[in-house]
Amino acid sequence: MADPLALIADRARAAMAVVDPDTADHDPVVRPSQHADVQVNAALAMAKRLGRPPRDVAADLVAALDIDDLCHPPEVAGPGFINLTVRDDVLAALLTDLEHPMRGVRPTDDPHTVVVDYSAPNVAKEMHVGHLRSTIIGDALARSLAFIGHDVVRQNHLGDWGTPFGMLIEQLIDSGVDPATATTAGTADTTAGLIADLNAFYRSARATFDDDPNFAERSRNRVVALQAGDPDSLRLWQLLVDTSKEYFSDAYRRLEVSLTEHDYAGESTYNDVLDDVVAELEAKGLLVVDDGALCAFPPGFTGRDDEPMPLIVRKADGGYGYAATDLAALRHRVRELGATELLYVVGAPQHDHLEMVFAVAGQAGWLDGGIDAEHVSFGSVLGEDGKMFRTRAGDTVRLAELVDEAVSRAAGLLDAKSTGLTADDAADVASAIGLGAVKYADLSSDRVKDYVFAWDRMLALTGNTAPYLQYAHARMCSILAKARPEDRQAATAQAVVIGEAAEHDLAMALLGFDAAVHACTHRRAPHRLCTYLYELATTYTAFYEACPVLRPDDPAVRRSRLALCALTATVLATGLDLLGIRAPERV
RNA sequence: GCCCUCGUAGCUCAGCUGGAUAGAGCACCCGACUUCUAAUCGGACGGUCGCAGGUUCGAAUCCUGCCGAGGGCGCCA
């Protein structure tokens, strides 16, 4: 355990048990402090229980506090805060934990099989900003949860089924694909060409559907045929799905997102179990027929006029909608994938729907045994005008264009700096910075709020941005590269000797990585990790300004400070990696 | 009409589940570059935490009611 706060919390609990045995299991309220390294606020709450002045209780706690081996003598301040400063030699000793692969982060004491549902783009539609947040936030959470020891199962719930496929298949036929012979292998090139611009393909299908009643009729019939298992329809549908999957995989590679084909589990995956899902729900008495549709009415959900709100499991025409698919997916994740936690990284507008799905699943007993399903909600991406982010023409912004612009803007930054990077390296670094900027902008503020998409802010070289963190990291690496080889060799955590205040502060910051990662995972809040990394970087630059690393004559000082640089670079890079962001050694 | 989310400096955002004088960045102003990468750092300025009550030793944080913004409310996903 590397986190001084956690060590102090244990001691504080022991002291509380001495002063008031009934509070042994209470929170000692150990917090970072502006007035010391750490403050213990337990006395204030205890004073109320005991009916005594808080400062007296604080004094008793201090008397009972066995902490000399960790901290300087405690001080009672204000109404009863206990201020603690961690000893420099203790900090130095704790830093050795950061040289292990977990960087001082404790594995979770409650490991789960966590299914993370994220990204979920639609087949035959181009990915756009709407998919950006789910993909980026979901990926960061999946990486972070896996890091602390959860068994993470990524699930990409592709929109690969439903009514739009009628018109998409008809559009394919009208474009010259022969339903009888079309196969993925034989026509892959043709198909890829036909729907190279997925947005245009979808839009033209939509337009024809709206303008041409004959086409619309064919489309509707095609849906029926597809759902009935008609071989020609299935073949064409498969063509669309395969083409899109290749496109998605390219997009994820480009975005450096950890999703692969292995994680694809589209809606169609559940087609053959929908009957069984309905049968099980029916057997448990959870379904009633209402207006011809088979509905569940989980308690606590009302719509207009206080009417109970239905979750429509089977439509009046006998077809299945997304509620059925979502229920089937949930059951599959619990029963087949062994999920004990289910995370749905889905936009806020679907909140009610998901809560209803969870409620029905709970009634069905699928969440028994403490299995937890949670909607990891997020707000919209807004333009700088405060409205939904769109192009000037009013279209949705394509993900590919977004990435291109991010990378080219980042390349512009590098050009302006005229670094000594080779062209290949510069392109790679530009990609890391551009993608990092976009991802970090998305991750660094509270996900439940809407966020404003602004190139200038996310690519800013100052403030809480990825480029700033990446630059700070590169400077650390640069110092390490310039150090004498024998110093670099000796610059391990064991070599750290803390003397300066800036060194003390940096060590404290480094040891906070554990708490930051757990805040990120427990609260599904990547922005907590971002805030931590930014504070680590600013603490480092204060150290960098105050403490020359390579210049001191004393090799022990050089090696100690070099070790602090190396540890900071490692923690920063590890943290960014958990967010899905690279930290190049040079920029 | 009902339900959900949000409202913190001019702007963009934090605020660690109730603790000390509410913190950063941007912008504006002042200061520091023959640099360990100045893509930086230090300082100044800037707040009735939407409004009004309530809970208590103590509220941006919890409760109630308003105001404002966005979203949802039967066979699309």
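Predicted model, so just to flag it, every value in this text is computed and none were measured. Values below: every heavy atom of this structure, side chains too, minus hydrogens, waters and symmetry copies. Note on naming: letters A, B, ... go to the chains in the order of the sequence lines (proteins, then strands), and numbering restarts at 1 for each one.
- Residue A:Ala293 places its side chain closer to B:rC75 than to any other of B:rU17, B:rC75, B:rA39.
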Q | Derivation of the side chain to side chain donor-acceptor pair (under 3.5 Å) call for A:Asp160 and A:Ser268 | A | CA-CA 6 Å; A:Asp160 65 355; A:Ser268 67; 2.7 Å; yes
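- No salt bridge links A:Arg447 with A:Asp442; every basic N to acidic carboxylate O contact stays at or beyond 4.0 Å.
- Contacts of residues 28-41 of chain A with RNA chain B (heavy atom under 4.0 Å): A:Arg31, A:Pro32, A:Ser33, A:His35, A:Gln39, A:Asn41.
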Q.
Protein within reach of the bases, or only the backbone? For nucleotides 25-33 of chain B, mark each nucleotide 5' to 3' as B, S or -, using heavy atoms under 4.0 Å.
A. SS-------
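- With sequence neighbours excluded, the residues that form a ring pair (Phe, Tyr, Trp, His ring centres under 6.0 Å) with A:Tyr532 are A:Phe513.
- Side-chain contact annotation: A:Tyr202 with A:Asn122, donor-acceptor N/O pair under 3.5 Å absent.
- A salt bridge links A:Asp428 with A:Arg582: at least one charged nitrogen is closer than 4.0 Å to a carboxylate oxygen.
- At a cut-off of 3.5 Å, with distance as the only test, no side-chain donor of A:Asp487 or A:Gln489 sits close to an acceptor on the other residue.
- Residue ring and base: A:Phe81 counts as stacked with B:rA20 (centre distance below 5.5 Å, interplanar angle below 30°).
- Base pairing analysis places B:rA59 opposite nothing; no Watson-Crick or G-U wobble pair with both distances below 3.5 Å involves it.
- Pair check for B:rC13 finds B:rG23; Watson-Crick or G-U wobble, both atom distances under 3.5 Å.
- Using a 30° and 60° split on the angle between ring planes, A:Trp455 and A:Phe453 fall in the perpendicular class, above 60°.
- Dashed line: the shortest gap from a side-chain N or O of A:Lys48 to OP1 or OP2 of B:rU56 is not under 4.0 Å.
- No side-chain donor-acceptor contact under 3.5 Å links A:Asn464 and A:Ser444.
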